[in-house]
A.B. asks: 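Got a structure for you, questions after.
Below, chains carry the letters A, B, ... as their sequence lines are ordered, and counting in each starts from 1.
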Protein chains: 2
Amino acid sequence: MAERNTRQKQAVLGALKESSTPLGVADILSIAREAVPTLSQATVYRILNRLLKKRKIVTVQLPGEAPLYEPAGRGHHHFFRCRRCQSMYEVAGCDELLGRLTPSNFTLEGHDLFLYGLCDSCN
Amino acid sequence: MAERNTRQKQAVLGALKESSTPLGVADILSIAREAVPTLSQATVYRILNRLLKKRKIVTVQLPGEAPLYEPAGRGHHHFFRCRRCQSMYEVAGCDELLGRLTPSNFTLEGHDLFLYGLCDSCN
DNA sequence: GTCGTTGCAAAGCGTTTGCAGCCTA
DNA sequence: TAGGCTGCAAACGCTTTGCAACGAC
C-alpha cells in the first residue's frame, strides 16, 4: 500500500518537471532513460497512471493526438499550437468567457480548449 | 479518379445525416449495416477518410475518446457533455470570446472546445 | 472493360496487463 | 522480508493496409 520512491518514478517526474512544455510518452521515455537506461515503456505508462490518479500530473489532450503530460499545479491554462512551427504556447484567462456559453440551468464543471494558428515568429 | 456512388457510401452518409448527434464508428457500422449487411469496418474507415478529405463530414474529438463524425455544414458549434447521463448538447457562439485569448501578433486560425458538467435534467 | 471500391485478414500504433523476478521500506 | 515495482512480452482497442474479387460507370 505504501508509496515507494523508485529511481524510475523520480526519472519520470524529473523529466516532466524540468520541461517547460508538456511531454509525450516517447519524450518522457528518452529523457528518463538518461537517468535509468533500462526503463521500459510499460513502466512509464504505469508511473504516469499512478501519478494521474494521485493528481500529481495532468494530461494535455490535443485533438487527434496522443496525450501529453505535465506536472499538476502549473495553473489553469490552455495551449496554442502554431501550425507552421508546431510550437506550443500557453494561454490563460478563459473561465469568465466560457461561463457565458453554458446554457442556463446547466452546471459547467470543466472544459477543454485548444487553439491553433500562426505564432508571432511565423506570422 | 471519378467519385463513385456505392451503396456502402450512401449507407454511411445516410447514417450520419439522419443522426442529430455525432456518431462513432461502431454506431455508424451498426446503423449502416441495416442497409448493407455485409459492410465491413475497414470500409467504414475508408469511406469516412474519403469524406473527410472532401470535407463532406467533420470529426468531433472528445478528449481521450475515439473520434465522432458528423456531416459538414451543421455550422460552427461545440459540445457540452453531461457527466451523469452522457448526453451531448450543442453550444454555439464562441468566436468573439476566443479572439480575446489569442496573444497579440498571433493569428488564430481555429480552435477546439469541449464543455462538461451537469445538464438541465440531471441538475 | 476499367479502375475505384470492397471484404477479409493481417499489420500498425498507442496503451494495458500477466507474470516472474527485483528492490524499497 | 513483504509486497509494491519493474521489465519483458503478449494482448488489447482502434485504425490502417495488402490483396484479390467486385461492381459502378
A.B. asks: For D:dT6 and A:Arg50 - does any side-chain N or O of the residue sit under 4.0 Å from the phosphate oxygens OP1/OP2?
C.D. replies: yes

A.B. asks: B:Phe106: what forms a side-chain contact (heavy atoms from CB on, under 4.5 Å) with it, not counting sequence neighbours?
C.D. replies: A:Phe80, A:Tyr89, A:Cys119, A:Asp120, B:Thr102, B:Pro103

A.B. asks: Please walk me through it: do A:Leu113 and A:Val91 pass side chain to side chain contact (heavy atoms under 4.5 Å, CB included)?
C.D. replies: CA-CA 10 Å; A:Leu113 173 63; A:Val91 173; 5.9 Å; no

A.B. asks: For D:dT6, does either OP1 or OP2 sit under 4.0 Å from a side-chain N or O belonging to A:Thr6?
C.D. replies: yes

A.B. asks: Figure out the CZ/P separation between A:Arg7 and C:dT24, and round it to whole Å.
C.D. replies: 7 Å

A.B. asks: Which of residues 35-46 of chain A have a heavy atom under 4.0 Å from DNA chain D?
C.D. replies: A:Thr38, A:Leu39, A:Ser40, A:Ala42, A:Thr43, A:Arg46

A.B. asks: Within a strict 4.5 Å, meaning less than it, do heavy atoms of the A:His78 and A:His111 side chains meet?
C.D. replies: yes

A.B. asks: Side chain of B:Gln8: nearest nucleotide among D:dT6, C:dT5, C:dG7?
C.D. replies: C:dG7

A.B. asks: How many Å lie between CG on B:Leu48 and C1' on D:dT15, as a whole number?
C.D. replies: 11 Å

A.B. asks: To the nearest Å, how far apart are A:Lys53 NZ and D:dC5 C1'?
C.D. replies: 14 Å

A.B. asks: 5'-most contact on DNA chain D: A:Arg33 or B:Asn49, nearest heavy atom basis?
C.D. replies: A:Arg33

A.B. asks: List, one per line, each side-chain donor-acceptor pair under 3.5 Å for residues 36-47 of chain A, sequence neighbours excluded.
C.D. replies:
from: A:Ser40; atom 1: OG; to: A:Thr43; atom 2: N; distance (Å): 3.3
from: A:Ser40; atom 1: OG; to: A:Thr43; atom 2: OG1; distance (Å): 3.0

A.B. asks: Send over the distance from A:Gln10 CD to D:dT6 C1', rounded to a whole Å.
C.D. replies: 15 Å

A.B. asks: Tell me which nucleotide among C:dT6, C:dT24, C:dT15 gets nearest to the side chain of A:Arg4.
C.D. replies: C:dT24

A.B. asks: Return the value, rounded to whole Å, for the distance between atom NZ of B:Lys9 and atom P of C:dG7.
C.D. replies: 15 Å

A.B. asks: Charged N to carboxylate O below 4.0 Å: is that the case for B:Glu3 and B:Lys54?
C.D. replies: yes

A.B. asks: One pair to check against side chain to side chain contact (heavy atoms under 4.5 Å, CB included): B:Met88 and B:Leu68. What are the steps and the verdict?
C.D. replies: CA-CA 12 Å; B:Met88 300 239 307; B:Leu68 307 176; 4.1 Å; yes

A.B. asks: Between the opening five pairs and the closing five pairs of the helix from C:dG1-D:dC25 to C:dA25-D:dT1, how far apart are the helix axes, to 10°?
C.D. replies: 30°

A.B. asks: Kindly write out the residues that satisfy side-chain contact (heavy atoms from CB on, under 4.5 Å) with A:Asn49, not counting sequence neighbours, or none if the list is empty.
C.D. replies: A:Leu52

A.B. asks: If you look only at pairs with a residue in residues 22-45 of chain B, which of them pass as a salt bridge (Lys or Arg N to Asp or Glu O under 4.0 Å), with sequence neighbours excluded?
C.D. replies: none

